[in-house]
There are 2 protein chains.
Amino acid sequence: MSIREAASERRRRAAAGTPSPLRSERVRTVYAGLLTAILDHRLPPGTRLPEDEIGAAFGASRTIVRAALQALAHERVVVVEPNRGAQVAKPTVEEARQVFEVRSLLEPRAASLAAARATKADITALRRHLKDERDAMAADDRHRAIALSASFHIRIAEIAEHAILEGFIRELTSRSSLVVSLYWHRPDTICERHAHSALVDALAEGAADRAADLMRSHLVDLLSGLDFSRPLPQPRSLAALLGPR
Amino acid sequence: MSIREAASERRRRAAAGTPSPLRSERVRTVYAGLLTAILDHRLPPGTRLPEDEIGAAFGASRTIVRAALQALAHERVVVVEPNRGAQVAKPTVEEARQVFEVRSLLEPRAASLAAARATKADITALRRHLKDERDAMAADDRHRAIALSASFHIRIAEIAEHAILEGFIRELTSRSSLVVSLYWHRPDTICERHAHSALVDALAEGAADRAADLMRSHLVDLLSGLDFSRPLPQPRSLAALLGPR
DNA sequence: GTGTGCACTATTGTATACGATGATTGTGGA
DNA sequence: TCCACAATCATCGTATACAATAGTGCACAC
């Protein structure tokens, strides 16, 4: 078995254990459909998710939909209020800070592990990923750019071959996507692209400590692109909406 | 803000602190019953968990049991194999290492936050907790001692008032309990008791850095009490079992 | 005696029916 | 005009029936 095959085999096994432990294929379909829609910001925070409607959209029964929603709720991507149904989560400012704080505890380690383990094939794949990001941004495909930017972090966690870190980072990047959709307010996303690229360079050289540092500062940078000062992103009552006509 | 909005807001906040986002009270009952049984090591790793049987034990329908099992599966305390049912998780050696590695990334931060935030009442409660641990050990109530030892770490995460850290630490301590039940092999647990006690002292003084260091070394110490060298706790094939008769 | 295949059993997967809950609207009275 | 209360509606919560699946043991042929 070649080195690359061995790596891919390792990766496959790692991936098997990773995502949410969903029993059936149909639940996974609904779960994945909802999750990507949320991460793409097609379903913004606060969107109600009635079981019937989702079931109709996916051609699934409420049993299936409920299982998918429960999984998403466990990852805090949706919140369910008893007897009131589910909706896309609306992270508070405090929650947003905590998400990035925990990311900055976990992801530098993932980066340094990845630096130690990355194969040539991994680096190639990452560079291709960077190119996709650039293309999406050039094409002004904001949804796709956001999704790719998040999955870059997940790719690194995968390369680190650390199932638990990967699982937590998956959850945190999902939640970050919601945070970004509520609080992002920086015009230029150039620095981020540069940060990702520098990180890949460090990984390619196997520079574990540098990779960790780059990841750390990248996360600080992301956090600084958020604007928590705006009054309130969400609750605006109907009165407020209709008043200043 | 209207009364209705305020109520929904309160509900939302209440749900936020809930360990696992379980919709109904009955699901929570089954979930909690199973979890404590597992953490107490009354249900050892590998125990099969048929839905009917659990339902009968708790007087609940399979619908309820399934929801509880799914939640436990998400926390990796049980594993479900499609069409084959659920069983108490049996962490591998690799998983065990990872659990403690991630704990040592997260818990020192929790400890230092707790040092900054702990009130006198918190410290009193922690000292009472320590006493309970001592009593359980003195009474040779191994189950209770193990459970208390784990919940000590959770208490600290609660004091840190960091919902995300707390959630992750909850999951990791649960998984640690399974690891301990499979791999623990140290006769003396005295050092641990001492470690907890020193940690509370640091929290009482508000010594954040020292608390973090103590937590870090405590976790290293716990890891060193595990014996991964024994052949294999679980998978031994039938051939291996029958061969060297 | 050995191997193959079939029926049986135990268990999970899914849909659906029915009851319960909470929001909303409409009506009556003060 | 406003509040209280009742009826309505949408939606969720739960039990249960039935289908599907994996595991088990038996019987039969060779």
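Below, all heavy atoms of this structure are taken into account, side chains as well, without hydrogens, waters or symmetry copies. By convention in this document, chain letters (A, B, ...) are assigned in the order of the sequence lines, proteins followed by strands, and residues within each chain are numbered from 1.
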Practice task
Over 60° means perpendicular and under 30° means parallel, so classify the ring planes of B/Y183 and B/F228, tilted if in between.
Solution key: perpendicular
Exercise for the section: Using atom CZ of A/R48 as one end and atom P of C/dG22 as the other, report the distance to the nearest whole Å. Expected result: 14 Å
Problem - A/R23/B/E81 ion pair, N-O < 4.0 Å - result: no
Handout entry: A/R76 and A/E95 ion-paired at < 4.0 Å
Key = no
Handout entry: Atom-pair distance (CD on A/E81; P on C/dG22), nearest Å
Key = 11 Å
Handout entry: Which atom of B/L219 lies closest to which atom of B/F100, heavy atoms considered
Key = O-CD2, 4.2 Å
Exercise for the section: Go through the side-chain N and O atoms of B/Y31 and B/Q70 and say whether any donor and acceptor fall under 3.5 Å apart. Expected result: no
Can you check nucleotides 14-19 of chain C for protein contacts, nitrogen or oxygen pairs under 3.5 Å, and list what you find?
unit_1	atom_1	unit_2	atom_2	d
C/dT14	OP1	A/S24	OG	3.4
C/dT14	OP2	A/S24	OG	3.1
C/dT14	O3'	A/R26	NH1	3.4
C/dA15	OP1	A/R26	NH1	3.2
C/dA15	OP1	A/R26	NH2	2.8
C/dA15	OP2	A/S61	OG	2.4
C/dA15	N7	A/T63	OG1	2.6

Handout entry: A/H153 versus A/R103, side-chain donor and acceptor atoms under 3.5 Å
Key = yes
Problem - Salt bridge B/R175-B/E171, side-chain N to carboxylate O under 4.0 Å - result: yes
Handout entry: Spacing between B/F58 atom CZ and D/dT14 atom P, to the nearest angstrom
Key = 16 Å
For nucleotides 9-11 of chain C, which of its nitrogen or oxygen atoms have a protein nitrogen or oxygen under 3.5 Å away, and what is each distance?
none

Fill in the blank from the handout: Sequence neighbours excluded, the answer for ring pair (Phe, Tyr, Trp, His ring centres under 6.0 Å) partners of B/H162 is none
